[in-house]
Amino acid sequence: VVLQPAPAVTYHIIGGILDFYVFLGNNPEQVVQEYLELIGRPFLPSYWSLGFQLSRRDYGGIEGLTSVVNRTRAIKIPYDVQYSDIDYMEEKKDFTYDKEHFKGLDQFAEELHSKGQRYIIILNPGISKNMSYGPYENGSRKRIWVSGATGPVIGKVWPGPSVFPDYTNPEGTQWWIDELVKFHEELNFDGIWMDMNEVADFLNNESLCEHNELNYPRFVPKILDRKLFAQTLCMDTEQHWGLHYDVHSLYGYSMAIATAKAMENIFPKKRSFILTRSTFAGSGKFAAHWLGDNEASWNDLQWSIPGILEFNLFGIPMVGANICGFALNTSEELCRRWMQLGAFYPLSRNHNGPGLMDQDPAAFGRNSVLLNSAIHYLNIRYNLLPYLYTLFFRAHFRGDTVARPLVHE
Ligand code: GLC
């Protein structure tokens, strides 16, 4: 897509059907409202999910996790939601938890609940291709994996060799619902954080994808390696909704729909919470979004602001960036400023990468400037929560933005 000075936009296309919609609102808010009427208005988040949220990869087992929760609680930081990243799993397999390093995780969840807090776990679409793994066996019996000419696609994600559920297949959705319902009986989570759903594959599929028009179309936009299948599936693989070539960008979207259905089963008549990395137009009806793997830098702190404002235009107002940064060690000053800014993100979550210094506010010590400042700004957030909730109601009811640029006013 090339922007011309005229002003005009030129689309270079190699096929497909394009439907164009033009929204003629009187002001930017109205344009967003009209757009969201078409793609679906955002879900109404549960009140608890507006609270402050803590997450990181590699807590160091149940002891590490519990000690962070305890120190955060002890110091009276307004805080409602705790996450577990892939380290809670057994060999990084969905629907399992590590009974050795995370022994008693089920009681940990109950303990959070007894304090009025909520628990969210990560799940990935990559399912371990392992004959003695129930979810793999069940899915294979139902034939729900994305497949190519030679059978199910085998990629590589966190658990090693993996297959990918086709969430556009009603059977695939049913399998996902069944596995989630079963696992909830084992671990009483309140929400799902779904990741790697672009869909991501660590393999460089160069030698795996056949030389044909779908994998190597005549024109390829400036993307990673100039390959449509770079770090994802071959484009000639098939899904229920069509060729991966046509539905690639709907992978996360279809996973959000399937997960929302599972949550309706698990929590009848109650709201839960779904956080997704991959989105498409309309994803906001089912899921919240974080801006992905940022780094602990002033640049990424700054860029989180346009990112959040944009996702409000896209109908995904429940959005935030990893507060204090995901990659690289943060610093006291950066993290302090980021906690101040993040206290006003619609989705306020501090998330950290593996092997890095602790960046939960309590880690900086009882009398630290950061901690006092974080408590101060989070208290302002909590005082304003009824207003934030009202904004989300208006987003849900008529398509308003929640965090909006000044020009909308
Ligand atoms: C991805 C996610 C990140 C997560 C990691 C491990 O990089 O974006 O947030 O911590 O995977 O699950």
Side-chain angles (χ1 to χ4, degrees), residues 49 52-61 64-65 68 81-98 101-102 105 119-128 155-160 162 164 183 187 189 191-204 224 230-232 251-253 255-256 259 273-280 283 287-297 300-301 303-304 307-308 311 316 318-330 335 338 342 345 347-360 363:
S49 67
F52 178 60
Q53 316 194 351
L54 258 191
S55 175
R56 81 161 297 163
R57 180 171 168 194
D58 289 356
Y59 267 111
L65 174 60
V68 170
V81 183
Q82 180 59 50
Y83 283 70
S84 277
D85 201 333
I86 46 172
D87 41 301
Y88 81 87
M89 298 176 182
E90 184 190 272
E91 292 162 345
K92 310 215 166 53
K93 296 199 297 275
D94 280 0
F95 313 117
T96 68
Y97 74 87
D98 185 335
H101 300 102
F102 283 88
L105 194 59
Y119 184 46
I120 299 180
I121 55 166
I122 198 168
L123 284 177
N124 292 303
I127 296 297
S128 168
K156 195 173 164 225
V157 207
W158 300 120
S162 306
F164 303 92
F183 189 53
L187 186 61
F189 57 80
I192 294 296
W193 166 25
M194 38 188 242
D195 188 27
M196 312 297 281
N197 51 0
E198 289 72 20
V199 52
D201 180 356
F202 295 151
L203 292 183
N204 168 10
L224 192 69
Q231 287 191 27
T232 189
Y251 195 91
Y253 176 73
M255 186 182 185
T259 308
F273 189 71
I274 303 171
L275 178 62
T276 181
R277 195 170 72 176
S278 171
T279 59
F280 193 74
S283 287
H289 178 62
W290 88 106
L291 297 174
D293 297 354
N294 58 358
E295 56 176 39
S297 68
D300 281 6
L301 173 148
W303 277 102
S304 72
I308 285 167
F311 269 88
I316 311 175
M318 188 58 175
V319 57
N322 297 324
I323 295 172
C324 298
F326 173 75
L328 306 181
N329 275 321
T330 198
C335 191
W338 215 325
Y345 286 169
L347 171 75
S348 188
R349 185 180 80 138
N350 177 323
H351 174 50
N352 194 4
L356 301 167
M357 64 178 266
D358 287 354
Q359 64 182 32
D360 55 291

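Start at 1 and go down the list; that is how both ligands and their atoms are numbered.
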Criterion side chain to side chain contact (heavy atoms under 4.5 Å, CB included) on Asp85 and His351, from CA distance to verdict: CA-CA 10 Å; Asp85 201 333; His351 174 50; 3.4 Å; yes

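For the pair Gln82 (side chain) and Leu54 (backbone), a donor-acceptor distance under 3.5 Å is present.
Between the side chains of Asn322 and Arg349, at least one donor N or O lies within less than 3.5 Å of an accepting N or O. Inspection of the Ser304 and Tyr345 side chains reveals an N or O donor paired with an N or O acceptor under 3.5 Å.
Shown are Tyr59, Trp193, Phe189; of these, the ring pair (Phe, Tyr, Trp, His ring centres under 6.0 Å) with Tyr83 is made only by Trp193.
The contact shell of ligand 1, taken as protein residues with any non-hydrogen atom closer than 4.0 angstrom, comprises Arg57, Asp85, Ile86, Ile122, Trp158, Trp193, Asp195, Arg277, Trp290, Asp293, Phe326, His351.
Thr276 pairs by the side chain to side chain contact (heavy atoms under 4.5 Å, CB included) definition with Met194, Asn197, Thr279, Ala287, not counting sequence neighbours.
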